Amino acid sequence: GDSVVQTEGQVLLSEGDSLIVNCSYESTQYPSLFWYVQYPGEGLQLLLKAMKFNDKESNKGFEATYRKETTSFHLEKDSVQESDSAVYFCALSDTVTGTAGEAEHKL
């Protein structure tokens, strides 16, 4: 079935460091891809979404590109701040079948 595979575990960074959180997907369709963020004590918030191949999305200094050739949607930020400390979720949604998958990553 459809699934995402994400960088596992907690990553410790210093302010100003660059960040890459890997997210690869498997799907028999053409899924929409999402990054969600959950800040301490808060609910999930949508950070980025891509609806079609080669979409490059950015928000709050984060960016991700929907790459068909590598089946990936890696989350990147050039310079992290203390306020970026959160749990990051990669997710997909198949608009044809309605299936979904997710993984999480804590920064």
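Small disclaimer: the values here were computed from a predicted structure and weren't measured.
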Expected list for residues 40-55: side-chain donor-acceptor pairs under 3.5 angstrom, two or more places apart:
unit_1	atom_1	unit_2	atom_2	d
Glu42	OE1	Gln45	NE2	2.8
Lys52	NZ	Asp55	OD1	3.2
Asp55	OD2	Met51	N	3.2
Asp55	OD2	Lys52	N	3.2

Under 3.5 Å, side-chain donor or acceptor atoms of residues 13-22 against the rest of the protein: list the pairs with distances, not counting sequence neighbours.
unit_1	atom_1	unit_2	atom_2	d
Glu15	OE2	Glu82	N	3.4
Asp17	OD2	Ser14	N	2.8

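- Note: Leu92 CG to Glu26 CD = 10.0 Å, rounded to the nearest 0.5 Å.
- Here disulfide bond (SG atoms under 2.5 Å apart) pairs that include residues 9-40, with residues two or more places apart or in two chains, are Cys23-Cys90.
- Among all heavy-atom pairs drawn from Tyr39 and Ser85, the shortest one is CD2-O, 3.8 Å.
- Separating the CG atom in Leu33 from the OG atom in Ser24 is a distance of 10.0 Å, to the nearest 0.5 Å.
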Quiz: residues 64-72 side-chain donor-acceptor pairs under 3.5 angstrom, not counting sequence neighbours:
unit_1	atom_1	unit_2	atom_2	d
Tyr66	OH	Pro31	O	2.6
Thr70	OG1	Ser72	OG	2.7

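- Between the CH2 atom of Trp35 and the CG atom of Leu75 there is a distance of 5.0 Å, given to the nearest 0.5 Å.
- Counting only residues at least two apart or in different chains, disulfide bond (SG atoms under 2.5 Å apart) contacts with residues 37-86 are absent.
- If you take CZ on Phe73 and CD on Glu57, they are separated by 6.5 Å, rounding to the nearest 0.5 Å.
- Asp84 and Val80 make their closest contact through OD2-CA, 3.4 Å (heavy atoms, listed as atom of the first residue, atom of the second, distance).
- With Gln6 contributing its side chain and Tyr88 its backbone, the two residues share a donor-acceptor pair below 3.5 Å.
- Screening residues 43-82 for disulfide bond (SG atoms under 2.5 Å apart) gives no qualifying pairs among residues at least two apart or on separate chains.
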